[in-house]
J.: 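Would you mind keeping the following structure in view while I ask a few things?
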Number of protein chains: 2
Amino acid sequence: MATRTHKHTDTHAFPKPGHNHDRCTADALKKAAAVCAQRKTRLTDIRREVLELVWKSHVPVGAYDILSQLNSGGGRTAPMAVYRALEFLLENGLVHRLASLNAFIGCAHIGKDHHAAQFLICRVCETAAELDSAPLTRALTQAVAERGFTIDSQIVEISGFCPHCSPPT
Amino acid sequence: MATRTHKHTDTHAFPKPGHNHDRCTADALKKAAAVCAQRKTRLTDIRREVLELVWKSHVPVGAYDILSQLNSGGGRTAPMAVYRALEFLLENGLVHRLASLNAFIGCAHIGKDHHAAQFLICRVCETAAELDSAPLTRALTQAVAERGFTIDSQIVEISGFCPHCSPPT
DNA sequence: TTGTATATGTTATAACATAACATTATACCA
DNA sequence: TGGTATAATGTTATGTTATAACATATACAA
């Protein structure tokens, strides 16, 4: 029988409304720096600023939202700069793009090359969380293989109601 | 033991390069008319034209592509008309929207309220096909339920190589 | 320090989508 | 049949997301 040693069951918990979010951000930035150091890519000022803005919350954020936050102090950054930073962050597995929202969110599992990109998105609080279910991935892999198809990349985005928000009555 | 009576195993086959596509189109249009009659919604000229254009192939098509095809004969249709037609077709389950491509494709299973919206998309020939895997749906439902999440809608879009196109060597 | 690769700045435009209001067509009932 | 409500379409304008192309600047290694 396989060993089952989990420190806690919180690994995939949906972000709680009152959690200490500063920790999420600090942790993400630390790991991001480590990943970039290891991969010998450069986490420049603008890239880090964009990453910080993406990590302001667990709500996916649009490129132009990031842009206006960057420019809120009178800056003159252009859209290209933001898209380039996002492209870098995507390539390095530091953020994800949600196709259903045209928005970006910080990767919650930096380093563990999951690359699953399976998301739960709450319609009420707009929070998005990575699902990363191994059984789901297995079912998907099998279903796709049965069709004679070879996976290159996948998008799984589930919209609904998170554990902290009730469906409208 | 459950009965297993399938006319053929082709139900979920990936569209073959040389298949008789006129049949796909004719079939889709016939079913579309039936659905609209049953639901007492109106398949007007522009709606049917857009549906026909969507069914020109199994490659998802953008709204502005549809628009330029509509106007290729000197017409002056505006984007709104196309988007409104697409909205109608979506509401009536006659087409799907692929979020990863910002494009639309005819629904291959009109009537059978699947609403799964699981797609395979070939990177080479650009053909998209509905996956609609029950095991996948089950795994997904379960994984989501385990997180205390309630599904409202789902997007599953798998990009890769179809059975008729080889991965680049 | 100088060359090369990488990153950023800048301008313009492409691509996708909707808001708001006017007009026309259709259905349905009195 | 004619009036009226509803649905559909026309029209204009604009919002939103994303990329192309070329110029300049910065970092790093030889």
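We name chains A, B, ... by the order of the sequence lines, and we start the count at 1 in each one. Note: hydrogens, waters and symmetry copies are ignored here, and every other heavy atom, side chains too, is used.
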J.: Cut-off 3.5 Å, side chains only: do A:His58 and A:Glu126 have a donor facing an acceptor?
T.: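 Per modelled atom types, A:His58 and A:Glu126 side chains form no pair under 3.5 Å.
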J.: Could you check whether B:Thr137 and B:Gln118, counting side-chain N and O atoms only, form a donor-acceptor pair closer than 3.5 Å?
T.: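 There is such a pair (donor and acceptor under 3.5 Å, judged by atom type) between the side chains of B:Gln118 and B:Thr137.
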J.: When the distance from CG of B:Leu43 to C1' of C:dT26 is rounded to whole Å, what number comes out?
T.: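 These atoms are roughly 15 Å apart.
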J.: With a cut-off of less than 4.0 Å, is there a side-chain N or O of A:Thr44 near OP1 or OP2 of C:dT8?
T.: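 For C:dT8, OP1 or OP2 has a side-chain N or O of A:Thr44 closer than 4.0 Å.
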J.: Could you state the atom-to-atom distance from CD of B:Glu91 to P of D:dA8 in whole Å?
T.: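 Checked: the CD to P distance equals 9 Å.
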J.: Could you tell me whether the side chains of B:Ser153 and A:Glu157 share a donor-acceptor contact shorter than 3.5 Å?
T.: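 There is no such pair between these side chains.
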J.: Taking only side-chain nitrogens and oxygens of A:Asn102, does any of them come within less than 4.0 Å of OP1 or OP2 of C:dC16?
T.: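 It does not, given that no N or O in the side chain of A:Asn102 lies less than 4.0 Å from OP1 or OP2 of C:dC16.
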J.: Distance check needed: C:dA15 P versus B:Leu67 CG, whole Å only.
T.: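 Distance, rounded to whole Å: 13 Å.
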J.: Does a nitrogen or oxygen in the side chain of A:Arg47 sit under 4.0 Å from OP1 or OP2 of C:dA7?
T.: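 Answer yes for this pair, as a side-chain N or O of A:Arg47 is under 4.0 Å from OP1 or OP2.
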J.: Specify the separation, in whole Å, of atom CG of A:Asp65 and atom P of D:dT16.
T.: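 Interatomic distance, CG of A:Asp65 to P of D:dT16: 10 Å.
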J.: In whole Å, I'd like the distance from the CG atom of B:Leu98 to the P atom of C:dC16.
T.: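 To the nearest whole Å, that distance equals 13 Å.
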J.: How many Å lie between CZ on B:Phe104 and C1' on C:dA15, as a whole number?
T.: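 Computing the B:Phe104:CZ to C:dA15:C1' distance gives 13 Å.
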J.: Are the ring of A:Tyr64 and the base ring of D:dT17 both nearer than 5.5 Å at their centres and tilted by less than 30°?
T.: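 Stacking between A:Tyr64 and D:dT17: present.
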J.: Mapping B:Phe88 and A:Pro79 onto DNA chain D by nearest heavy atom, which one lands closer to the 5' end?
T.: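 Its nearest nucleotide being more 5', the pick is B:Phe88.
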J.: Does B:Arg84 or A:Ala85 map to a spot on DNA chain C nearer the 5' end, using the closest nucleotide for each?
T.: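 It is A:Ala85 whose nearest nucleotide is closer to the 5' end.
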J.: Can you tell me if CD on B:Glu146 sees more than 12 non-hydrogen neighbours from other groups inside 6.0 Å?
T.: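 Atom CD in B:Glu146 is packed in, count exceeds 12.
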J.: Between atom OG1 of B:Thr127 and atom CD1 of B:Ile121, what is the distance when rounded to the nearest 0.5 Å?
T.: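 CD1 of B:Ile121 is found 10.5 Å from OG1 of B:Thr127.
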J.: Measuring from the side chain of B:Ala63 (C-beta onward, heavy atoms only), which nucleotide among C:dA17, D:dT17, C:dT11 has the closest atom?
T.: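 Between C:dA17, D:dT17, C:dT11, the one nearest the side chain of B:Ala63 would be C:dA17.
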J.: To the nearest angstrom, how far is A:Leu101 atom CG from C:dC16 atom C1'?
T.: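 Result: 16 Å.
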J.: What is the distance from OH of B:Tyr83 to P of D:dT16, rounded to the nearest Å?
T.: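 Distance check: B:Tyr83 OH to D:dT16 P gives 15 Å.
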J.: Between C:dT10, D:dT11, C:dA7, which nucleotide gets closest to the side-chain atoms of A:Arg42?
T.: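 Closest of the options to the side chain of A:Arg42: C:dA7.
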J.: Of the options C:dT11, C:dA19, D:dA7, whose atoms approach the side-chain atoms of A:Met80 most closely?
T.: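 The answer is C:dT11.
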